[in-house]
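Report on one structure; see the data block that follows.
In this chain, numbering begins with 1 at the start of the sequence shown. Atoms within each ligand, like the ligands themselves, are counted from 1 in listed order.
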Amino acid sequence: MNDHVLVINAGSSSLKYSLIDAGSGEAAAAGVVERIGEPEGVFRHRGPDGETRTTRPIGSHEDALRAAIDAFEEHGPSLDGIEIAAVGHRVVHGGSRFGDPALINEDLIDEVSDLVPLAPLHNPANLEGMRVAGRLFPDLPQVAVFDTAFHQTLPPEAYTYAVPRGWLAEHGIRRYGFHGTSHAFVSEQAAQLLGREPADVNVIVLHLGNGCSAAAVRGGKSVDTSMGLTPLEGLVMGTRSGDVDPAIHAYLAREAGLSLDEIDHALNFESGLKGLAGENDFRELSRQREAGDEQARLAFDVYCYRIRKYVGAYYSVLGKVDAIVFTAGVGQNSAEVRSASLEGLEGLGIEIDAERNAESSDEARAVSTKDSRVAVLVIPTNEEWQIAREALKLVRS
Ligand code: ADP
């Protein structure tokens, strides 16, 4: 049986790809092309013989995917020797329309194009990836896997903003949620680690990467999540503010004369850890904090305090919580964030084991005490594998 899926994640000036065995999750090869359209493109391909890196101009996403195909031939594994079952595409915004992965055809491309206003930075690049892969792999089924899809199970009281009713029908104003592929993968892995069926387990997932989001997952289904109409709402992130008073926009426009675009840009790209401490890379922020930098300390405290508030909120949304899961770059690696966010919650049955928490490992593991009523887990996310699994399941169904 052939279980290989080529997973493509097209960004505005980058294209990531991996050839994954959807059964085992093993990547036969993976690579990334960055700075597409700039004078110096950077291309890395990791295959059976290790990693190769080249710099040269790469004009378009089509050139990027062609370069990837050439790299498979030159550095392996040869695509002639591997039957690929499907191409799986990460698509950021599926609106209310897509609760499941979908086969890519002209109608789907039109529907994803209609959603561009909701994700102007991401959906156009994702569409370009689909078009290019359709041209270069015309005989393979192409599948779109949406970042928003896992959260389509949110009940109306969780996804509805208390704003004029017509805004939903006229402008699609509601909470959609993002990082769904990661939340789906990690919550399923959590059930496995606990030795139970996903349907029997309630989990709070904390995806803490450059972007950060929390999700409340009841019996394998997302029932609330911190990102909203766009990926700006919720937790504090590398450069994004997360929750702010929505009156900030009008106030700054009136009092500081800032335009809406300037405010939007500042909240998305100049806020979060970067806004507070001038640094959005968490490792560097930690170094500054350890060296006694006051701004870095405040940024860290605000970051962890926001996580703690969402844990409390989702604890009461779920009623009973079996596990709290930390994932992505910061969640998997920062013992300080895990302990600072959950410190003092023994009354809620949440007890971190300091020694287990301090161990660094790439494996999925528990960092709570044996007696903790709620398991605290660290689980590496693997969005590419999840996309491969979902794409394969669709083409096999
Ligand atoms: P993305 O959202 O782009 O996929 P990642 O999940 O890779 O991001 O997370 C990136 C973040 O993880 C960065 O802020 C980085 O500093 C942080 N990070 C990576 N490794 C560590 C580490 N060992 N300790 C603390 N933070 C880390």
note = Counting heavy atoms under 4.0 Å, the part of N280 that contacts ligand 1 is backbone

query = Atom CG in N333, atom OG in S360: separation rounded to 0.5 Å?
reply = 8.0 Å

ask   = Counting heavy atoms only, which of V337, L273, N210 comes nearest to atom 1 (P) of ligand 1?
value = N210

message = With a 4.5 Å cut-off on side-chain heavy atoms, are H122 and H93 touching?
response = no

ask   = Which protein non-hydrogen atom lies closest to atom 24 (N) of ligand 1, naming both residue and atom, and how far is it?
value = N333 CB, 3.5 Å

inquiry  = Any salt bridge linking R389 with E188? Criterion: basic side-chain nitrogen under 4.0 Å from a carboxylate oxygen.
reply    = yes

ask   = Are a donor atom and an acceptor atom from the side chains of H183 and S213 found within less than 3.5 Å of each other?
value = yes

task = Mark whether atom 4 (O) of ligand 1 lies under 4.0 angstrom from at least one protein heavy atom.
result = no

remark   = Here the gap from H179 atom NE2 to S226 atom OG, rounded to the nearest 0.5 Å, amounts to 9.0 Å

ask   = Under 4.0 Å from any heavy atom of A328, which atoms of ligand 1 are there?
value = 6 (O)

query = Is there a path from L318 to I307 through hydrophobic residues (I, L, V, M, F, W, Y) whose side chains come within less than 4.5 Å of each other?
reply = yes

Identity and distance of the protein heavy atom lying nearest atom 17 (C) of ligand 1 = V330 CG2, 3.8 Å

request  = State whether E383 and R90 are salt-bridged, where the test is any N-O pair (Lys NZ or Arg NE/NH1/NH2 against Asp/Glu carboxylate O) under 4.0 Å.
outcome  = no

ask   = Of the protein's non-hydrogen atoms, which lies at the shortest distance from atom 25 (C) of ligand 1, and what is that distance?
value = R283 CG, 3.8 Å

task = Report yes or no: does a heavy atom of G211 sit under 4.0 Å from some atom of ligand 1?
result = yes

inquiry  = Suppose we measure from atom 14 (O) of ligand 1 to each protein heavy atom; which comes out shortest, and what is that distance?
reply    = F282 N, 3.0 Å

key: Per atom 7 (O) of ligand 1, closest listed option by heavy atom (S360, G329, S286)   = G329

